[in-house]
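Take a look at the structure below.
Order of the sequence lines fixes the chain letters, A, B, ..., with proteins taken first and strands second; residue numbering starts at 1 for each chain.
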Amino acid sequence: MRSNQTAPETLLPLTPAVFNILLALADGERHGYSIMQEITSQTHGKLRIGPTTLYRSIKHMLEDRLIVESDERPDPALDDERRRYYRLTDLGQRVAIAEMNRLEQTLAIARSKPLLHSPGQLRTAKGAQA
Amino acid sequence: MTRQTPSTRPLPKIITLSLLLYRWLLSLGPAAFRRDYEAPALHDFRQCCRAAYQKQGSLGVLRLWPGLVCETVPGLLAEYWTELFGRRRPMLPTIRRSMIATFGAVVLFLFAYAAFGHAVDPVAPFNGVAHLHPEVALTHALVAFSGEIALLVLVLGGLPILFLAVKQALPRGARSVIKLFLVKPKQAFFLLAAALVITLCFLAFLLTTQYLSGPPPCTATNGCLAGQPPLLLALDFAMLIGGITLGVFVVLVICTSLSLAVLHSEFGRGMLRFALVPMGILALTMATATVAAAIWTIRLWVDAPQFAASGSGLGNGQTAWVIAIIAAMAASTIVTVGAFTSGLRASRVRAA
């Protein structure tokens, strides 16, 4: 009920952990450890979240109906039954898109600033990336 | 022969030790969080340890420890906070937090303002100095007017916000309105402990300043504690602590109750932006009062040092008291200015 009424913008801005969990679940349902691995992989190791942060975020995301615990398991014979799987809800999907749009807007503002166009800044940024 | 799967294979000691550490850390967290998430969190951490052990051996597992502690301890503290005061609501959380911070700071400021007024009472000897030195009169008038304006703005700015919160809850019944302001027993216990700490700090401050400035002579009529028999003294002291703690507790409960109502209500952007106006005025008036109070104290000592040092002026520990008052005013002003600027920034970002 609430998920249909809630405007995604009211849940923004998201914390990096919540946004990355939403992104990790965008490909399909995952269990906790798989979410942690996916976040490390999708951020090239720049963001690593531990189990406490993961389950605190999951708790809040369940409360906000961004995700739900899935009853189905990919292969119950092979899988550890203690594992819990989570998947995105419609609201979760809409919130992820809204956050992406918000970040895009912020990025557009940042790119329009002359300071960031100076060669020195670009070199510094590239150096930091390398 | 039974084949050992990864989950049944005996764990290396370093992993067992790491799991014990993590289990112990989790045991410090709130019971509800432990009940719902301890098992999966431990399960996932075991997998992290296994992966680290396969890659780098014991050193790899040990490398997980600093991150684990740094992540778990603040996370569990935040979880306690969430349990006590609930989660922030999504609508413009920054401005909402700013409103609550401003409210708390203004309450502290008003107490400091009242204490400042009490420190210069009776006003007659101070008026004598003010007649001779206009800057003393001017700064004192500035403090007085700023404090009155702050009180007025708090009432005029706070009432519409509270009215809206009650109006939103009213259609759901009177119970919802009570629930909006309700302080939970756990929160009340926390506030009582805070009130006791504040009282003890306050009494310690009074006793220290009294000791440093020399105690006033004890007579039968001035209610001097030191002149009483030990049992009566202990009883008096206990009653003093109890009375002040109760007073502080009531103030804290009222402030928390009003803050919870703001925290639990959904306000529109218009209302939250409106809240920035009284917050701005409060920041300005509080800053004016703080600067004026500091200048007043300095000018009093510079212009009339003999009077300032005398018992009628700021002698007998009053100077330390006035400094403490100005410090409290400055702290509340800094919080209000910080809350206002952060709220303003948040409203601008969202407007963009």
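- At least one donor-acceptor pair closer than 3.5 Å links the side chain of B:Glu71 to the backbone N or O of A:Thr53.
- In this structure the side chain of B:Gln47 never reaches within 4.5 angstrom of the side chain of A:Met36, judged on heavy atoms.
- Among all heavy-atom pairs drawn from B:Ala41 and A:Pro51, the shortest one is O-CB, 3.7 Å.
- Looking at A:Ile35, neither its backbone nor its side chain comes within 4.5 Å of chain B, counting heavy atoms on both sides.
- Within the 4.5 Å cutoff, no side-chain heavy atoms of A:His31 are placed close to those of B:Pro40.
- If you take CZ on A:Arg48 and SG on B:Cys48, they are separated by 10.0 Å, rounding to the nearest 0.5 Å.
- The structure places CZ of B:Arg50 at 10.5 Å from OH of A:Tyr33, a figure rounded to the nearest 0.5 Å.
- Looking at B:Ala39, neither its backbone nor its side chain comes within 4.5 Å of chain A, counting heavy atoms on both sides.
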Show your reasoning for whether side-chain contact (heavy atoms from CB on, under 4.5 Å) applies to A:Arg56 and B:Phe33. CA-CA 8 Å; A:Arg56 280 195 65 231; B:Phe33 183 76; 3.8 Å; yes
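- Rounding to the nearest 0.5 Å gives a distance of 9.5 Å between CG of B:Asp36 and CG of A:Leu62.
- You'll find the side chain of B:Asp44 reaches within 4.5 Å of the side chain of A:Tyr55, heavy atoms only.
- Looking only at side-chain heavy atoms (C-beta outward), A:Thr52 and B:Tyr22 come within less than 4.5 Å of each other.
- Residues A:His60 and B:Glu79 have side chains in contact (heavy-atom distance under 4.5 Å, counting atoms from C-beta outward).
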